[in-house]
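Whatever order the structure lists them in is the order used to number ligands and atoms, beginning at 1.
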Amino acid sequence: MAPNRPYMKSTKRYVEELQKLILCLLEMIAKNLGVEAERLTNTCNNGTQWLRMNYQPPCPQADEVIGISPHSDASLITLLNQVNELEGLQIKKNGTWVPVKPLPGAFIVNIGDAIEILSNGVYKSIEHRGTINPERERLSIAVFQLPTSGILVGPFEEVLGNSSAKYNTVDYGEYMKSYFGTKLESKRALDLVKLGEI
Ligand SMILES: O=C(O)CCC(=O)C(=O)O
Ligand SMILES: [Fe+2]
């Protein structure tokens, strides 16, 4: 089947526009960390954006199933669009699942594992999951900004100062292998690069 060109064009445009927003967010995060903006934005100069469309059909036994298993994103940042504004996304806060109410026209900004490592845990990636609705279908679109595969991701020296690193420095390509090599399950891949308890 020939690819649907208009669809590809609008998807590309969508991702390009979101990338501008992601760069602004990365600059703000860098400033907050006391790191030159380029130090952070350069981690994804030749980086990849992934777009995932999630379709979750209604299920009468919604209480007995889970739409998207608990996980954190491996990205730097993820922008999530809750397309049909139906509740379903939940984040884990102090050990409790908290629903995130969709706001019309607003994106959810998820901090990913890469920022947690680079910031030495100043920013924490958020564990989240998707629940199913008994009556209505749910649609969401996630755009993930990934660091360039093969770069080394470790805590920024500027953030460390005199304190010690809480995370190992990892080759991001290897990190992705580990991320996808384990079941989508809480913050497992990140736990593997942690140095001791944090
Ligand atoms: O559909 C949602 O609200 C969450 C989607 C998500 O976490 C993902 O695609 O990584
Ligand atoms: Fe996610």
Side-chain angles (χ1 to χ4, degrees), residues 7 10-12 14-19 21-22 25-26 29 43-44 47-59 61-119 121 123-147 149 153 170 172-173 175-194:
Y7 166 76
S10 43
T11 306
K12 187 166 175 278
Y14 181 78
V15 174
E16 279 167 4
E17 289 302 316
L18 259 58
Q19 213 198 350
L21 176 57
I22 288 169
L25 291 166
L26 290 178
I29 290 173
T43 62
C44 56
T48 309
Q49 297 85 41
W50 283 353
L51 180 144
R52 178 154 66 208
M53 293 186 182
N54 299 298
Y55 173 76
Q56 294 162 253
C59 173
Q61 287 89 34
D63 291 348
E64 292 165 37
V65 290
I66 185 84
I68 300 171
S69 318
H71 67 282
S72 58
D73 297 337
S75 55
L76 289 155
I77 279 189
T78 306
L79 292 182
L80 185 76
N81 181 345
Q82 306 199 70
V83 180
N84 61 342
E85 289 162 12
L86 186 72
E87 218 176 270
L89 174 68
Q90 297 185 337
I91 57 165
K92 204 170 203 179
K93 200 175 169 200
N94 303 327
T96 308
W97 288 109
V98 179
V100 179
K101 279 206 181 353
L103 286 178
F107 288 107
I108 306 285
V109 180
N110 272 347
I111 295 292
D113 294 346
I115 291 279
E116 178 163 340
I117 300 172
L118 291 164
S119 72
Y123 285 89
K124 296 274 196 302
S125 64
I126 188 79
E127 190 176 342
H128 53 287
R129 67 178 186 180
T131 59
I132 295 279
N133 189 284
E135 280 135 29
R136 287 179 57 198
E137 63 185 10
R138 182 168 178 273
L139 286 159
S140 67
I141 303 176
V143 169
F144 305 86
Q145 177 63 55
L146 306 182
S149 180
V153 173
V170 285
Y172 192 70
Y175 186 76
M176 288 307 274
K177 273 192 213 156
S178 151
Y179 184 86
F180 286 116
T182 52
K183 202 169 141 248
L184 195 62
E185 191 185 6
S186 29
K187 294 175 67 169
R188 215 154 163 246
L190 191 67
D191 289 341
L192 296 174
V193 302
K194 274 187 192 165

Can you confirm, on distance only, whether ligand 1 has an N/O atom lying under 3.5 Å from any N/O atom belonging to Arg52? yes
Name the orientation class of the two ring planes belonging to Trp50 and Phe144 (parallel below 30°, tilted from 30 to 60°, perpendicular beyond 60°). perpendicular
Between atom NE2 of His128 and atom OG of Ser72, what is the distance when rounded to the nearest 0.5 Å? 7.5 Å
If you round to the nearest 0.5 Å, how far is CD1 of Ile126 from CD1 of Ile115? 14.0 Å
Backbone N or O of Gly88 within a donor-acceptor pair of the Thr131 side chain at under 3.5 Å? yes
Per-atom filter on ligand 1: closer than 4.0 angstrom to a heavy atom of Phe144 are 8 (C), 9 (O), 10 (O)
For ligand 1, note which part of Thr78 has a heavy atom under 4.0 Å away: side chain, backbone, both or neither. neither
Need the ligand 1 atom indices (1-based, order shown) with element for anything under 4.0 Å from a heavy-atom of Ala142. 9 (O)
Short version for Asn110: what comes under 4.0 Å of ligand 1, heavy atoms counted, is neither
Rounded to the nearest 0.5 Å, what separates atom CD1 in Ile91 from atom OG1 in Thr96? 10.5 Å
Taking only heavy atoms of Arg138, which atoms of ligand 1 are found under 4.0 Å from at least one of them? 1 (O), 2 (C), 3 (O)
With a 4.0 Å cut-off on N to O distance, would you call Asp191 and Arg188 a salt bridge? no
Closest to the Fe ion (ligand 2), among the N/O/S atoms of Asp73, is atom OD1
Report the atom name of the nearest N/O/S atom of His128 relative to the Fe ion (ligand 2). NE2
Restricting to heavy atoms, the pick from Gln56, His71, Gln90 nearest atom 6 (C) of ligand 1 would be His71
Hey, which atoms in ligand 1 end up nearer than 4.0 Å to a heavy atom of Asp73? 10 (O)
Just heavy atoms, cut-off under 4.0 Å: does Ile108 contact ligand 1 by side chain, backbone, both, or neither? neither
So which protein heavy atom does atom 5 (C) of ligand 1 come closest to, and at what separation? Asn54 ND2, 3.3 Å
Non-hydrogen atom of Arg129 closer than 4.0 Å to ligand 1: no
For Ser140, the atoms of ligand 1 under 4.0 Å from one of its heavy atoms are 1 (O), 2 (C)
To the nearest 0.5 Å, atom CD of Glu116 lies from atom OH of Tyr123 at 12.5 Å
Walk me through it: do Ile132 and Ile66 pass the test side chain to side chain contact (heavy atoms under 4.5 Å, CB included)? CA-CA 6 Å; Ile132 295 279; Ile66 185 84; over 6 Å; no
For a 4.5 angstrom cut-off between non-hydrogen side-chain atoms, does Val153 reach Asp113? no
